[in-house]
Amino acid sequence: VVPLLIRREDHGPIIFRQTRVGLDGKEFRIWKFRTMRVNADAELAGLLSEQGRSGEPLFKIDDDPRITRIGHFLRRSSIDELPQLFNVIGGSMSLVGPRPLLLEYVPLYDERQRKRLSVRPGITGWAQINGRNALTWEEKFELDVWYVEHRSLWLDLEILAATAWKVLRRE
């Protein structure tokens, strides 16, 4: 149903693919259901400038006009992340781990933050259940590094359960 709804809204591609950095700093292509209009990347610099956020890592646009109607629903429900299960099956991602970031952010990592590259990135993670988009760059990385230093099967199960609960409650 999701691919039909995305296609019906603007006739663009259903899947969004982007290069990210994973285990040991290796690049891979992440898959998501497309939630923004076609060529949304071309509008990013102007929107960041308008909101005084040019050059900020982990940028988020307030009330982003590029997000489609179906895209708002897909993001709220986290359904946009489902194609990443193919990344998990292919071995480039795990169910749990630090979220994979863009290649351009790697030079901004300090030595401690580079620890996040020692594990496979995940669809969900410690930072996602402890603040997600409300976190600053420093807070997100501190939670990611904490996860790397304390990871275990039990912690992963706790994160998966908390993720399911937050998705069901639309947090």
Undergrad: With distance as the sole criterion, is a donor-acceptor pair present between the side chains of Asn130 and Tyr147 under 3.5 Å?
TA: no
Undergrad: Who passes side chain to side chain contact (heavy atoms under 4.5 Å, CB included) against Leu95, sequence neighbours left out?
TA: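 Checked Leu95 against side chain to side chain contact (heavy atoms under 4.5 Å, CB included); matches are Leu85, Val88, Ile123, Leu160.
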Undergrad: Quick one, Ile30 with Met93, criterion side chain to side chain contact (heavy atoms under 4.5 Å, CB included). Give me CA distance, side-chain angles, the key distance, then yes/no.
TA: CA-CA 9 Å; Ile30 196 171; Met93 288 182 70; 4.0 Å; yes
Undergrad: Are any non-hydrogen side-chain atoms of Arg8 and Ile70 less than 4.5 angstrom apart?
TA: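 A side-chain contact under 4.5 Å is absent here.
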Undergrad: Quick one: are Val119 and Ser94 in side-chain contact, heavy atoms under 4.5 Å?
TA: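 No, side chains not in contact.
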Undergrad: Tell me which pairs pass salt bridge (Lys or Arg N to Asp or Glu O under 4.0 Å) where either residue lies in residues 12-31, with sequence neighbours left out.
TA: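 Listed once each, the pairs would be none.
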Undergrad: Keeping Arg120 on the side-chain end and Ser92 on the backbone end, is there a donor-acceptor pair under 3.5 Å?
TA: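 Side chain of Arg120 to backbone of Ser92: no pair is present.
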Undergrad: So if you build clusters from Ile, Leu, Val, Met, Phe, Trp, Tyr with side-chain heavy-atom gaps below 4.5 Å, do Ile15 and Ile67 land together?
TA: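 In one cluster: no.
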Undergrad: Within the 4.5 Å heavy-atom criterion, are Val21 and Pro100 side-chain neighbours or not?
TA: no
Undergrad: State which residues pass side chain to side chain donor-acceptor pair (under 3.5 Å) with Trp165; sequence neighbours excluded, sorted by chain then number.
TA: none
Undergrad: Would a distance-only check, ignoring hydrogens and angles, find a side-chain to backbone donor-acceptor pair under 3.5 Å from Gln128 to Gly125?
TA: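 Side chain of Gln128 to backbone of Gly125, a donor-acceptor pair under 3.5 Å: yes, one is there.
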Undergrad: Same cluster or not: Leu102 versus Tyr109, using hydrophobic residues (I, L, V, M, F, W, Y) connected whenever any side-chain heavy atoms lie under 4.5 Å apart?
TA: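 Yes.
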Undergrad: Output all residues satisfying side chain to side chain contact (heavy atoms under 4.5 Å, CB included) with Val38, sequence neighbours left out; order by chain, then residue number.
TA: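 Listed in chain order: Asp10, Pro13, Arg34.
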Undergrad: Check the pair Lys166, Ile129 against side chain to side chain contact (heavy atoms under 4.5 Å, CB included), reporting the backbone distance first and the verdict last.
TA: CA-CA 8 Å; Lys166 286 180 177 284; Ile129 64 166; 4.0 Å; yes
Undergrad: With hydrophobic residues grouped by side-chain heavy-atom distances under 4.5 Å, do Leu143 and Ile159 end up in a single group?
TA: yes
Undergrad: Atom NZ of Lys32 and atom CD of Glu81: how far apart are they, to the nearest 0.5 Å?
TA: 4.0 Å
Undergrad: Checking Glu142 now: which residues fulfil salt bridge (charged side-chain N to carboxylate O under 4.0 Å, His left out) with it, not counting sequence neighbours?
TA: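 So Glu142 forms a salt bridge (charged side-chain N to carboxylate O under 4.0 Å, His left out) with Arg112.
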Undergrad: Looking only at heavy atoms, which two atoms of Pro98 and Val148 are closest? And how far apart?
TA: CG-CG2, 4.3 Å
Undergrad: Please give me the minimum heavy-atom distance between Arg116 and Arg99, naming the atom from each residue.
TA: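 Of all heavy-atom pairs spanning Arg116 and Arg99, the closest is NH2-O, 2.8 Å.
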Undergrad: Output yes when a side-chain donor or acceptor of Arg170 lies under 3.5 Å from a complementary backbone atom of Ser77, and no otherwise.
TA: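 No; zero donor-acceptor contacts below 3.5 Å.
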Undergrad: Please identify which of these residues, Val167, Leu74, Val1, meets the side-chain contact (heavy atoms from CB on, under 4.5 Å) condition with Ile79.
TA: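 Looking at Val167, Leu74, Val1, the match for Ile79 under the side-chain contact (heavy atoms from CB on, under 4.5 Å) is Leu74.
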Undergrad: Does atom CG of Asp110 have more than 12 heavy-atom neighbours, drawn from other residues, nucleotides or ligands, at distances under 6.0 Å?
TA: yes
Undergrad: Cluster question for you: counting only ILVMFWY and a side-chain heavy-atom cut-off of under 4.5 Å, with indirect links fine, are Val2 and Phe73 together?
TA: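 Same cluster.
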Undergrad: Check the angle between the aromatic planes of His150 and Trp146 and answer parallel, tilted or perpendicular using the 30° and 60° thresholds.
TA: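 Parallel: the ring planes of His150 and Trp146 meet at under 30°.
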Undergrad: Looking at Pro65, is its backbone amide N or carbonyl O close enough to the side chain of Arg37 to form a donor-acceptor pair, meaning the two atoms are under 3.5 Å apart?
TA: yes
Undergrad: Are Asp144 and Lys140 within salt-bridge range, i.e. N to O under 4.0 Å?
TA: yes
Undergrad: Would you please name every residue forming a side chain to side chain donor-acceptor pair (under 3.5 Å) with Gln113, sequence neighbours left out?
TA: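 Testing Gln113 for side chain to side chain donor-acceptor pair (under 3.5 Å), a comparison that skips the adjacent residues, returns none.
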Undergrad: Roughly how far, to the nearest 0.5 Å, is CD of Gln84 from CD1 of Ile89?
TA: 12.5 Å
Undergrad: Are Leu155 and Trp126 packed together at the side-chain level, in the sense that at least one heavy-atom pair is separated by less than 4.5 angstrom?
TA: yes
Undergrad: Is there a continuous path of hydrophobic side-chain contacts, each under 4.5 Å between heavy atoms, that joins Ile14 to Phe16?
TA: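 No; tracing contacts between hydrophobic side chains, which count when under 4.5 Å, never links both residues.
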Undergrad: Between Asn87 and Trp31, is a side chain to side chain contact (heavy atoms under 4.5 Å, CB included) present by the stated rule, with each step listed?
TA: CA-CA 7 Å; Asn87 289 113; Trp31 294 30; 3.9 Å; yes
Undergrad: For the pair Val96 and Arg151, evaluate side chain to side chain contact (heavy atoms under 4.5 Å, CB included) and give the outcome as yes or no after the intermediate values.
TA: CA-CA 10 Å; Val96 179; Arg151 68 190 179 120; over 6 Å; no
Undergrad: Is it the case that Thr35 and Arg75 place a side-chain donor and acceptor less than 3.5 Å from each other?
TA: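 Yes, side-chain donor-acceptor contact under 3.5 Å.
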